[in-house]
K.L.:
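Have a look at this one.
If you read the sequence from its start, that first residue is 1, and numbering goes on from there.
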Amino acid sequence: MKPTYENGNQPVRSTDVTIIGAGPIGIELAAALKRQGVNYLHLEARQIGYTISWWPRNTEFFSTTERIELAGVPIPNTRQSRTTGEEYLAYLRSLVEQLDLQIQTYEPVTKIETVEGGFLLHTRARGREFTYFSKKVVLATGNMHAPNLLDIPGEDLPHVSHYFTDPHLYFRKRLLIVGGRNSAAEAALRCWRAGSQVSISYRRADFDAQVIKHWILPDLKTQIELGNIGYYPLTVPVEITPEHVVLEHVESGARQEVPADFVLLATGFRADMSLFEMAGVRLLGDERAPEYNPETMETNVSGLYVAGTAAAGSQKSYTLFIENTHVHVGRIVQALTGRWPEKLGTIQSRQYDLSLEEIQAN
């Protein structure tokens with residue numbers, strides 16, 4: 001007998017497992033479940049690989065190509081170098097087509113209810129509302145849902161953005177980039193080479209070699225030393241106007257105005273943990289990481305699992321990436337079916353538990 005929900009109707013579908021999120025790890029999990037004959041449902045609020053779709057054009061992955069391959073399917077690579085975001089999205093589309101993975105895109109889950117025997121999932125698509133019953137749920141929702149806001153005057157002005165899309169936009173314009181991690185460093189170099197007058201404001205004195213790609217940091221430091229890129233260390237923006245940005249020195253409190261036609265706030269992103277909260281998952285620490293069993297990826301809520309970067313919440317210092325979360329798929333599939341997936345990534349599964357230092361070394 002199908003369970004009923006609050007308005008008395010029955011769910012439109014009942015399933016054994018529901019995957020929420022169709023990023024790379026969600027897709028790899030779907031492939032593994034399908035290969036083992038598991039009855040599953042796959043829901044995605046936007047399009048597959050959505051986070052990657054708003055990367056700036058021609059951005060290469062930090063990880064080498066073989067470490068971001070999924071489900072035993074290699075990524076075609078004609079350049080013998082790191083994969084770009086555009087290439088990876090094409091790979092994800094091809095993987096979904098080849099394996100005939102059924103993903104209900106543009107159908108966000110608006111509510112999760114724990115009920116006897118499983119969960120009720122409420123969704124919205126095409127102006128209609130749907131409800132599904134699922135015995136198990138896997139949240140593979142990622143951790144880059146919205147930018148970290150500075151909450152300063154002028155942050156909402158039209159020439160201010162938290163998203164770097166294309167260096168061409170800043171040709172022959174004064175661009176101030178706020179931030180000093182990998183995204184800021186890469187944006188600064190690309191925009192300068194595209195003809196922008198670039199400056200960086202960073203709250204620290206120097207850049208962290210453990211964070212910025214090892215092939216980018218020497219280049220950035222060289223351009224700063226040559227005066228090609230301006231640098232304001234130990235500063236934070238306190239106000240943005242249509243003509244300039246007010247920077248404040250973090251130690252002395254001294255302020256200065258930096259002219260800017262555009263402002264790029266590379267301040268990182270935060271995860272949306274609302275579905276975890278609805279389901280009753282305990283969220284730990286400032287990063288609000290879900291509590292889970294590392295052997296099975298099951299959270300403190302029985303039957304609800306987490307996979308991928310969502311397992312770390314809003315990562316301030318990144319420790320989880322695609323390449324070291326393939327193992328989440330293996331642990332979940334084994335917990336659900338008793339069998340480890342036959343195909344997982346394209347390298348040996350023992351290599352998936354990688355530290356940040358090991359990832360950077362490759």
K.L.:
Give a yes-or-no answer on whether the side chains of D100 and Q98 include a donor-acceptor pair shorter than 3.5 Å.
P.N.:
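Their side chains do not contain a donor-acceptor pair, so the 3.5 Å distance test is not met.
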
K.L.:
Could you check, using the six-membered ring where one of them is a Trp, whether F61 and Y88 have ring centers closer than 6.0 angstrom?
P.N.:
yes

K.L.:
If you group Ile, Leu, Val, Met, Phe, Trp and Tyr by side-chain heavy-atom gaps below 4.5 Å, do L217 and L226 land in one group?
P.N.:
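Result: no, two separate clusters.
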
K.L.:
Side-chain heavy atoms nearer than 4.5 Å, only ILVMFWY residues, links allowed to pass through others: does that put Y232 and I240 together?
P.N.:
yes

K.L.:
Tell me whether N148 contacts the main-chain N or O of T267 through its side chain, where contact means a donor paired with an acceptor under 3.5 Å.
P.N.:
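Here the side-chain-to-backbone pair exists.
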
K.L.:
Say you draw a straight line from CZ of R124 to CZ of F130; how long is it, rounded to the nearest 0.5 Å?
P.N.:
11.0 Å

K.L.:
With a 3.5 Å distance limit and no angle check, can you tell me whether T299 reaches the backbone of E291 through a side-chain donor-acceptor pair?
P.N.:
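Answer holds: no.
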
K.L.:
When the aromatic ring centroids of F269 and W54 are compared, is their separation below 6.0 Å?
P.N.:
yes

K.L.:
Do F119 and F133 make the cut of ring centroids closer than 6.0 angstrom?
P.N.:
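F119 vs F133: aromatic centres not under 6.0 Å.
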
K.L.:
Is there a side-chain contact between I52 and P24, using heavy atoms and a 4.5 Å cut-off?
P.N.:
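Answer yes - side chains close enough.
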
K.L.:
Does S94 reach the main-chain N or O of Y91 with its side chain, forming a donor-acceptor pair under 3.5 Å?
P.N.:
no

K.L.:
Within a 6.0 Å radius of atom NZ on K135, are there more than 12 heavy atoms belonging to other residues, nucleotides or ligands?
P.N.:
no

K.L.:
Could you tell me the separation between the CE atom of M278 and the CE atom of M273, rounded to the nearest 0.5 Å?
P.N.:
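One gets 12.5 Å once the value is rounded to the nearest 0.5 Å.
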
K.L.:
Will you find, in the side chains of Q36 and T337, an N or O donor that is under 3.5 Å from an N or O acceptor?
P.N.:
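There is such a pair (donor and acceptor under 3.5 Å, judged by atom type) between the side chains of Q36 and T337.
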
K.L.:
I'd like to know if the side chain of Q223 reaches the main chain of L189, judged simply by a donor and an acceptor atom lying under 3.5 Å from each other, with no hydrogens or angles considered.
P.N.:
no

K.L.:
So, Y40 versus Q102: side-chain donor-acceptor pair below 3.5 Å or not?
P.N.:
no

K.L.:
Looking at CG of L265 and CZ of F164, how far apart are the two atoms once the value is rounded to the nearest 0.5 Å?
P.N.:
14.0 Å

K.L.:
Using the side chain to side chain donor-acceptor pair (under 3.5 Å) rule, take H122 and T110 through it: C-alpha gap first, then chi angles, then the decisive distance, then the call.
P.N.:
CA-CA 6 Å; H122 302 267; T110 57; over 6 Å; no

K.L.:
Which heavy atom of V333 sits nearest to which heavy atom of R339, and what is that distance?
P.N.:
CG1-O, 3.4 Å

K.L.:
Under the side chain to side chain contact (heavy atoms under 4.5 Å, CB included) criterion, do T141 and D272 qualify, and how do the steps go?
P.N.:
CA-CA 8 Å; T141 51; D272 180 357; over 6 Å; no

K.L.:
Going by distance alone, is a donor N or O of one side chain under 3.5 Å from an acceptor N or O of the other, for H326 and E28?
P.N.:
yes

K.L.:
Any sub-3.5 Å donor-acceptor pair from T83's side-chain atoms to T65's backbone N or O?
P.N.:
no

K.L.:
Looking at K213 and D219, does any basic side-chain N land under 4.0 Å from a carboxylate oxygen?
P.N.:
no

K.L.:
Any side-chain donor-acceptor pair under 3.5 Å between T235 and S201?
P.N.:
yes

K.L.:
Tell me the closest heavy-atom pair linking S53 and L89, and the distance in Å.
P.N.:
CA-CD1, 3.6 Å

K.L.:
Within this structure, what is the CD1-CD distance for the pair I322 and E69, rounded to the nearest 0.5 Å?
P.N.:
11.5 Å

K.L.:
Are L41 and I332 connected in the hydrophobic side-chain network, where two residues link if heavy atoms are under 4.5 Å apart?
P.N.:
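Yes, L41 and I332 fall within the same hydrophobic cluster.
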
K.L.:
Out of K173, H244, R174, H159, which one pairs with D261 under the side chain to side chain donor-acceptor pair (under 3.5 Å) rule?
P.N.:
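When side chain to side chain donor-acceptor pair (under 3.5 Å) is applied between D261 and each of K173, H244, R174, H159, only R174 qualifies.
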
K.L.:
Please check if the side chain of T15 supplies one atom and the backbone of N39 the other of a donor-acceptor pair under 3.5 Å.
P.N.:
yes

K.L.:
Would you check if the side chain of E155 reaches a backbone N or O of L149 as a donor-acceptor pair within less than 3.5 Å?
P.N.:
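No, E155 side chain to L149 backbone: no donor-acceptor pair under 3.5 Å.
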
K.L.:
Any link between L320 and Y305 through a network of hydrophobic side chains (Ile, Leu, Val, Met, Phe, Trp, Tyr) touching at under 4.5 Å?
P.N.:
no

K.L.:
From L139 CG over to L275 CG, what is the distance, rounded to the nearest 0.5 angstrom?
P.N.:
6.0 Å

K.L.:
Let me see the working for S63 and E323 under side chain to side chain donor-acceptor pair (under 3.5 Å), right down to the final yes or no.
P.N.:
CA-CA 7 Å; S63 305; E323 70 171 78; 2.4 Å; yes

K.L.:
In terms of side-chain heavy atoms, does S134 have a donor or acceptor partner in R13 at a distance below 3.5 Å?
P.N.:
no

K.L.:
Give a yes or no on this: more than 12 heavy atoms of other residues, nucleotides or ligands lie within 6.0 Å of atom CD of Q197.
P.N.:
no

K.L.:
Is S252 reaching over with its side chain to a backbone N or O of H249, donor-acceptor style, under 3.5 angstrom?
P.N.:
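The answer is no, because no donor-acceptor pair under 3.5 Å joins these two groups.
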
K.L.:
Enter the distance from R82:CZ to I75:CD1 here, rounded to the nearest 0.5 Å.
P.N.:
12.5 Å

K.L.:
Run E287 and R270 through salt bridge (Lys or Arg N to Asp or Glu O under 4.0 Å) and show every step you take.
P.N.:
CA-CA 9 Å; E287 297 181 343; R270 58 179 174 81; over 6 Å; no

K.L.:
Please report the C-alpha distance between K221 and D206 in whole Å, then the side-chain angles of each, then the deciding distance to 0.1 Å, and finally whether the side chain to side chain contact (heavy atoms under 4.5 Å, CB included) criterion is met.
P.N.:
CA-CA 10 Å; K221 286 191 170 184; D206 201 359; 3.5 Å; yes

K.L.:
Pair L33, V17 - check side chain to side chain contact (heavy atoms under 4.5 Å, CB included), show working.
P.N.:
CA-CA 9 Å; L33 293 178; V17 182; 4.0 Å; yes

K.L.:
When you look at CZ of R57, are more than 12 heavy atoms from neighbouring residues, nucleotides or ligands closer to it than 6.0 Å?
P.N.:
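It does not: R57 CZ has 12 such atoms or fewer within range.
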
K.L.:
Grab the two heavy atoms, one from V245 and one from P237, that are nearest each other, plus how far apart they are.
P.N.:
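What the structure gives for the nearest pair is CG1-CB, 3.8 Å.
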
K.L.:
Using only atom types and a distance under 3.5 Å, with no angle test, would you say the side chain of H328 pairs donor to acceptor with the backbone of G308?
P.N.:
yes

K.L.:
For a salt bridge (Lys or Arg N to Asp or Glu O under 4.0 Å) check, start with the C-alpha distance between R79 and E60, then their side-chain angles and the critical distance, and finish with the verdict.
P.N.:
CA-CA 12 Å; R79 297 179 293 111; E60 293 182 343; 3.7 Å; yes

K.L.:
Does atom CG of D286 have more than 12 heavy-atom neighbours from other groups under 6.0 Å away?
P.N.:
no

K.L.:
Using the six-membered ring wherever Trp is involved, compare the ring planes of F262 and Y170 and label them parallel, tilted or perpendicular (cut-offs 30° and 60°).
P.N.:
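F262 and Y170: perpendicular rings.
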
K.L.:
Run the ring-ring contact (aromatic ring centres under 6.0 Å, His included) check on Y231 and F207 step by step: do they pass?
P.N.:
CA-CA 11 Å; Y231 185 41; F207 305 101; 4.9 Å; yes

K.L.:
With distance as the sole test, does N300 use its side chain to make a donor-acceptor pair with the main-chain N or O of N293 at under 3.5 Å?
P.N.:
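It does not hold such a pair.
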
K.L.:
Hydrophobic cluster membership, with links at side-chain heavy-atom distances under 4.5 Å among I/L/V/M/F/W/Y: are L99 and L43 in one?
P.N.:
yes

